Amino acid sequence: MDSTISKSTQSLTTAEDMRNQTKLMMQPYANWEEYLTPAPLSIAILGELVFISSSTDFSINKNSPKDGYKFIKYSDSFRACLMQVCNSGWRAFNEAHTSMDQIRLHTAQVPDYMKTAVKILFQGDDEVVKAHLPDQLENIRVIADECLRLSDATEKRFTDVIYIIQELLEACVNAKHFYGEEMEAIKKKLEESKLREQSALEIKKKTEKAVSALEKELDQAHKNYKQATDSLPTGWNMIAMDVVGGVLQGVTGLITGLTSMVANPVIKACAASEKIADTWSHIRGRENVNVVDEINLYSKSAEILSCAQIIMEKMEVSELDNDINWTNLYDQKEKYTKTDFVKQQFERIKDDLKEIPECRPNTQAQSLCEKGIEICKQLEEYAPKGKCDRVKSNEIIDKVLNLIKSSQIFDSKSKDITKSPAISSNPPMLNKQQNMSEKMNPAQRATENARFAIEQSRAQLNQTRENYDKCVENFQKNQKELTEILVTMRNCELKEIDFKTTIEMLVKGMDAMGRVKEQWEKMVHFFQMVSNIVKTSLSKTLKNFVSTSEKTQALSYNAKLFSKDLLYTQAFQACNIASLVHMISGTYTDVSNKYLMDRVSSLGRLMVMDTSKPEFDHERLKLQNGCDEAQSGILMLVLKNKKEFDRKSTARQDKIDQELLAILPAAPPEQIKRIQEVVQTGFSEEEASAYY
């Protein structure tokens with residue numbers, strides 16, 4: 001049964017399946033067609049500013065800063081400042097289109113380099129790996145760095161537009177063109193804009209910390225392998241592979257978790273549709289919880305769960321009398337209890353956890369390790385005697401069952417937080433060694449784990465659907481508001497547009513540009529991740545592979561093979577992120593081609609036309625109508641993509657049910673209910689009570 005489950009899992013977790021799974025899990029946060037909704041409004045506002053700039057001019061140079069203005073070039077002319085905003089906005093959208101198209105072309109090459117890297121890793125000859133793998137990883141790194149440069153430059157273009165508008169509004173405030181409530185309203189808007197900048201800096205710091213944590217943990221993976229296998233009793237190859245499999249799953253969990261953090265930095269569905277004040281208060285509410293530390297902690301869940309399950313296996317609880325097999329639990333020849341190794345793993349994990357700052361997940365994880373260590377100590381006390389009174393024995397069994405349940409809840413919360421796949425196969429070298437091993441994992445454990453993973457997958461997909469539903473709902477509300485602004489603007493005659501209306505348009509333009517800019521910040525962070533993963537592979541993991549001697553251990557799955565799997569995992573995850581970005585860049589260029597670039601060209605024509613000529617009014621009307629059509633077109637695309645997402649997520653769950661759930665033996669309803677409750681507890685908001 002175990003080999004059948006293993007084969008079914010492998011068929012569900014091909015490289016392509018895993019890339020598609022990542023896209024599904026990130027879809028609510030990576031749907032750029034929605035985030036680009038403010039773009040047509042931005043372009044329409046820029047067009048109106050060109051129109052307004054033909055009206056009466058005045059100076060805003062009164063009470064200017066001592067060192068002069070940093071961004072405004074023509075403070076003596078309000079009209080000239082408006083044209084500067086238009087010019088910088090036009091450049092930003094033009095550069096965005098070109099950059100994203102280049103990113104799309106670059107990221108399309110990454111899967112080919114990944115395929116070549118996998119072929120090299122599967123070569124038995126270490127010299128081949130040493131000689132040729134660095135070239136493939138270097139190719140991926142070069143692409144990541146070039147895309148990082150493009151994203152960073154484009155994001156700075158949008159930042160420049162925002163800074164010019166901010167300084168223009170501040171200049172108007174200083175020149176006392178506002179009074180009373182108007183003055184307070186503009187000051188509040190400027191404050192909100194600066195809070196948005198502060199929020200972006202916070203997210204940037206988090207990403208830098210994430211990149212640093214990633215490098216440290218990838219290096220730590222080698223040490224964890226060594227510590228786990230150095231204390232391994234003879235003949236425990238399969239147990240070692242279970243523990244090391246948990247270490248490698250931890251690497252996957254860490255990378256996918258940090259990717260989801262970049263995709264959704266505020267950890268709240270559809271931040272683009274929220275008011276900035278709400279967004280900022282949400283971030284401030286999470287001040288004491290460091291997201292990077294949380295992800296790092298939750299990435300240990302697979303190791304903790306694996307150790308808890310190994311204790312149960314080694315106790316060999318009899319189905320007849322529900323008692324521990326005390327005789328087999330102790331090795332009389334070598335004089336050790338067979339759970340000593342597990343105790344050492346719990347101690348190793350706990351030591352790692354102490355390096356991470358204190359927070360609720362850390363307390364929960366350490367509590368699980370402490371309970372595991374305490375159980376192992378109790379078994380160590382009674383095992384040499386070969387017996388234990390029945391009451392104490394039952395108490396130990398209950399403790400182990402509770403530890404497994406709590407570890408499963410912690411693992412479910414981990415899947416919720418990190419968005420790592422519930423159903424995944426081991427990396428190629430580990431998988432190959434497990435298939436070659438004569439002794440597979442006990443069928444009961446494999447079946448239980450398969451049921452557990454299926455329910456986790458179901459909960460993950462359901463939650464992703466709910467998040468996407470909220471996104472579309474918020475999007476439609478936001479869409480209505482944007483459409484109303486466009487209608488109001490279309491109905492404005494020049495004589496009706498006073499200074500107050502102009503300022504209102506500038507404020508709306510600043511907000512709309514800010515939303516587009518936030519998405520470019522994400523692109524910067526994505527490519528920082530890819531570049532750093534590959535740099536770590538080249539500088540640390542590959543170096544460890546080259547320096548490791550195959551004769552260091554008698555294990556079938558030795559340090560050399562572990563290094564290969566770690567290289568594969570890193571390269572695969574870098575490719576996974578590149579695949580996600582490729583999907584995003586394809587969406588952007590599609591939306592930009594259909595709904596933005598014609599409007600940007602129209603804006604360019606408006607800026608060089610004589611405002612007194614009838615052609616100007618014709619071009620202005622054409623731009624207004626075009627932006628209105630773009631809003632409707634983007635809405636249709638959002639709804640179409642939502643339907644496609646629903647179809648794909650349903651198809652994924654159906655495939656899991658047909659290919660994995662269908663081959664499992666029938667289970668009692670109470671067992672299925674118990675697994676479902678454990679998973680739902682992990683995926684719920686308040687799961688802390690499950691650990692105490």
Side-chain angles (χ1 to χ4, degrees), residues 2 222-247 303-319 321-352 368-390 392-397 399-401 403-404 407 430 433-434 436-446 548-562:
D2 189 24
H222 276 281
K223 294 173 186 170
N224 288 343
Y225 172 86
K226 192 171 184 305
Q227 286 175 6
T229 54
D230 280 353
S231 57
L232 190 70
T234 307
W236 279 42
N237 270 1
M238 280 306 298
I239 297 295
M241 286 189 237
D242 281 346
V243 173
V244 172
V247 172
E303 284 184 84
I304 293 171
L305 178 56
S306 180
C307 287
Q309 290 174 328
I310 291 169
I311 295 176
M312 197 64 177
E313 280 174 26
K314 291 299 169 188
M315 292 196 311
E316 296 179 15
V317 177
S318 167
E319 290 185 12
D321 58 2
N322 195 37
D323 198 8
I324 298 166
N325 188 339
W326 291 104
T327 309
N328 279 359
L329 188 58
Y330 189 74
D331 190 314
Q332 294 292 343
K333 185 181 176 184
E334 300 294 333
K335 304 295 180 190
Y336 71 86
T337 306
K338 291 180 182 178
T339 51
D340 287 354
F341 170 73
V342 183
K343 184 182 79 171
Q344 289 164 359
Q345 302 318 303
F346 274 127
E347 288 169 343
R348 170 182 62 79
I349 297 165
K350 191 182 173 190
D351 287 342
D352 287 348
L368 293 172
C369 291
E370 285 162 6
K371 286 173 182 175
I373 293 165
E374 183 57 35
I375 290 166
C376 290
K377 283 179 178 176
Q378 285 188 304
L379 294 171
E380 194 179 341
E381 180 185 343
Y382 294 107
K385 302 170 189 173
K387 60 181 180 178
C388 173
D389 71 76
R390 194 56 186 272
K392 193 69 184 174
S393 187
N394 287 342
E395 184 186 307
I396 293 170
I397 292 169
K399 281 183 179 178
V400 176
L401 289 171
L403 176 63
I404 291 172
S407 300
L430 179 59
Q433 290 302 316
Q434 284 180 328
M436 287 166 60
S437 175
E438 290 179 9
K439 185 185 176 186
M440 301 293 287
N441 285 330
Q444 185 180 349
R445 178 178 164 197
T548 302
S549 166
E550 285 193 10
K551 295 179 181 177
T552 53
Q553 291 168 316
L555 289 171
S556 59
Y557 183 68
N558 56 34
K560 210 78 167 172
L561 294 176
F562 174 76

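Basis for what follows: all heavy atoms, side chains included, without hydrogens, waters or symmetry-related copies. Here the structure is a predicted model, which means the values were calculated and not measured.
- Put simply, the side chain of Val400 does not reach to within 4.5 Å of the side chain of Val317, judged on heavy atoms.
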For the pair Asp242 and Ser306, evaluate side chain to side chain donor-acceptor pair (under 3.5 Å) and give the outcome as yes or no after the intermediate values. CA-CA 7 Å; Asp242 281 346; Ser306 180; 5.2 Å; no

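- Leu329 places none of its side-chain heavy atoms less than 4.5 Å from the side chain of Glu316.
- Side-chain contact check for Met312 versus Leu401: some heavy-atom pair is nearer than 4.5 Å.
- Counting only heavy atoms from C-beta outward, the side chains of Leu368 and Ile349 never approach each other to under 4.5 Å.
- With salt bridges taken as basic N to acidic carboxylate O contacts below 4.0 Å, one links Glu303 and Arg348.
- Using a 4.5 Å cut-off on side-chain heavy atoms (C-beta onward), Ile373 and Glu347 make contact.
- The shortest side-chain heavy-atom distance between Ile375 and Phe346 does not fall under the 4.5 Å cut-off.
- Taking 4.0 Å as the cut-off between side-chain N and carboxylate O, Lys392 and Glu395 count as a salt-bridged pair.
- Ile324 places none of its side-chain heavy atoms less than 4.5 Å from the side chain of Tyr382.
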Would you sort out whether Trp326 and Met315 count as a side chain to side chain contact (heavy atoms under 4.5 Å, CB included), showing the intermediate values? CA-CA 7 Å; Trp326 291 104; Met315 292 196 311; over 6 Å; no

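- Two residues are said to be in side-chain contact when any heavy atoms from C-beta on lie closer than 4.5 Å; Glu374 and Gln378 meet this criterion.
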Might you work through the side chain to side chain contact (heavy atoms under 4.5 Å, CB included) test for Val247 and Phe562, ending with a clear yes or no? CA-CA 10 Å; Val247 172; Phe562 174 76; 4.3 Å; yes

